[in-house]
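The shown structure was predicted, so the numbers you read here are calculated from the model rather than taken from an experiment.
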Amino acid sequence: MGKFVTQGAMLQCSFGLSPCTLAIIVPTRPKCMNMLMAVTTDFTVTNIPTFGMCQSMANPTVASATSAAMGVLTPMPCVPVITAPWSPGSSQVKVGGIPALTDSSKCMCSYGGNISITSPGNTAV
């Protein structure tokens, strides 16, 4: 079992140019090391706002800008489109009946980006 993920965890997308911070928007969540715990359903644009600029050619804005630049890859603003929860979550710890998020969990952007947790936001094991 990895480390539990909490408010303030750092995330990175394989097509994003900047890391982003995971936001937990449910203030009544249990805490781990005095930080709100994350769960596998924390994957909306409210939880994962942006990775700065996107470099994925599967992103229509990047493809269009790259075409206009005569094939020179042209990153465009990132707006993650995530349609499935983080996986896997904790098999042993549930928060409100939902698996807790661990630092080994990943999710995918519809534009092909692999989103991973680079720092869990706490030090609990």
What's the spacing between [X] [atom1] and [Y] [atom2] if we round to 0.5 Å?
| X | Y | atom1 | atom2 | answer |
| --- | --- | --- | --- | --- |
| T6 | N34 | OG1 | CG | 10.0 Å |
| L22 | T46 | CG | OG1 | 11.0 Å |
| T41 | N47 | OG1 | CG | 8.0 Å |
| C78 | Q55 | SG | CD | 10.5 Å |
| S14 | F51 | OG | CZ | 9.0 Å |
| S87 | M108 | OG | CE | 12.0 Å |

Using only atom types and a distance under 3.5 Å, with no angle test, would you say the side chain of [X] pairs donor to acceptor with the backbone of [Y]?
| X | Y | result |
| --- | --- | --- |
| D103 | K3 | yes |
| T40 | G89 | no |
| S105 | T102 | yes |
| S110 | V81 | yes |
| T74 | V72 | yes |

Is there side-chain contact between [X] and [Y], with heavy atoms separated by less than 4.5 Å?
| X | Y | value |
| --- | --- | --- |
| P19 | Q12 | yes |
| M53 | S18 | no |
| P49 | C20 | yes |
| I117 | W86 | yes |

Is there a chain of hydrophobic side chains (I, L, V, M, F, W, Y, each step under 4.5 Å between heavy atoms) that links [X] to [Y]?
| X | Y | answer |
| --- | --- | --- |
| V95 | V5 | no |
| L73 | F15 | no |
| I24 | I115 | yes |

State, to 0.1 Å, how close [X] and [Y] come at their nearest heavy-atom pair, and which atoms those are.
| X | Y | value |
| --- | --- | --- |
| Y111 | P60 | CE2-CD, 3.5 Å |
| M57 | T66 | SD-OG1, 3.7 Å |
| M35 | G121 | CG-O, 4.1 Å |
| P88 | S104 | CD-O, 4.2 Å |
| A84 | C107 | O-CB, 4.2 Å |
| A23 | Q7 | C-OE1, 3.6 Å |

- Message: Testing the 3.5 Å rule here: is there a donor-acceptor pair between the side chains of N59 and S56?
- Response: no

- V93/F4 under side chain to side chain contact (heavy atoms under 4.5 Å, CB included): CA gap, chis, key distance, verdict: CA-CA 9 Å; V93 177; F4 292 115; 3.4 Å; yes

- Would C32 and M37 count as a side chain to side chain contact (heavy atoms under 4.5 Å, CB included) if you check the C-alpha gap in whole Å, the side-chain angles of each, and the deciding distance to 0.1 Å? CA-CA 6 Å; C32 175; M37 289 186 70; 3.7 Å; yes

- Message: Quick one, I48 with L11, criterion side chain to side chain contact (heavy atoms under 4.5 Å, CB included). Give me CA distance, side-chain angles, the key distance, then yes/no.
- Response: CA-CA 8 Å; I48 305 171; L11 312 176; 3.8 Å; yes

- Query: Passes side chain to side chain contact (heavy atoms under 4.5 Å, CB included), N114 versus K106? Steps please.
  - Reply: CA-CA 7 Å; N114 184 1; K106 298 193 181 308; 3.5 Å; yes

